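Being a predicted model, the structure only gives us computed values, none of them experimental. As a basis for the values below, the full set of heavy atoms in this structure was taken, side chains included, without hydrogen atoms, waters or symmetry mates.
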Amino acid sequence: PVLEPHELGRLKAAVLPSARALRNVATLTVRENLTLPDLASLTARGRLDLPRERALARELVGRFGVQPAEPERMLEKLSGGNQQKVSVAK
């Protein structure tokens, strides 16, 4: 059965974009993709706290089982399944 958006929200389910839709961020690293939505919390006085960003990316890669576990790898180099893991981890 096809679920309506409000039903997906109630179930706490996510809709993932196809691999084609991920291409717009595929030229960034896994780290950059993971932290892009949360840059404000990683920034102080207009400067990115790179050590905190790297630590957050490592933690998310481990928690979501992204393989290979290399946050500096380009997203486009990951399999489609691992690209989706990065999308979910965001």
Side-chain angles (χ1 to χ4, degrees):
V2 176
L3 298 176
E4 295 295 323
H6 71 278
E7 294 172 305
L8 290 170
R10 183 176 50 79
L11 295 170
K12 298 185 187 212
V15 177
L16 298 176
S18 68
R20 180 176 295 147
L22 290 172
R23 286 190 184 138
N24 63 339
V25 292
T27 58
L28 299 177
T29 66
V30 170
R31 171 182 52 83
E32 292 165 330
N33 272 278
L34 288 171
T35 60
L36 191 61
D38 200 27
L39 284 180
S41 73
L42 297 168
T43 305
R45 292 185 290 273
R47 296 186 59 120
L48 178 64
D49 185 340
L50 192 54
R52 277 187 54 221
E53 183 193 32
R54 287 180 174 147
L56 175 60
R58 280 192 306 273
E59 190 240 321
L60 290 171
V61 162
R63 185 186 318 162
F64 287 87
V66 177
Q67 292 297 320
E70 299 172 9
E72 298 306 315
R73 184 175 286 248
M74 300 302 289
L75 184 69
E76 65 189 355
K77 300 296 183 184
L78 271 58
S79 69
N82 280 292
Q83 288 181 14
Q84 286 187 335
K85 289 177 185 179
V86 171
S87 291
V88 171
K90 286 185 196 186

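Residues passing the side chain to side chain contact (heavy atoms under 4.5 Å, CB included) test with R63 are E59, L60, sequence neighbours excluded. A search for side chain to side chain contact (heavy atoms under 4.5 Å, CB included) contacts involving E32 returns L28, T29, not counting sequence neighbours.
N82 CG to K77 NZ: the interatomic distance, rounded to the nearest 0.5 Å, is 15.0 Å. The CD atom of E72 lies 4.0 Å from the CZ atom of R31; values are rounded to the nearest 0.5 Å. Here the CG-CG distance, from L56 to D49, works out to 11.0 Å after rounding to the nearest 0.5 Å.
The two residues L34 and A89 have their closest heavy-atom pair at CD2-CB, 3.5 Å. Between K85 and G65, the shortest heavy-atom contact is NZ-O, 2.9 Å. Shortest non-hydrogen contact noted between N33 and V86 is CB-CG1, 3.9 Å. For P71 against V61, the heavy-atom pair with the smallest separation is CG-CG2, 4.2 Å.
At least one donor-acceptor pair closer than 3.5 Å links the side chain of Q83 to the backbone N or O of L75.
M74 is not connected to L36 by any chain of hydrophobic side-chain contacts under 4.5 Å among Ile, Leu, Val, Met, Phe, Trp and Tyr, and they are in different clusters.
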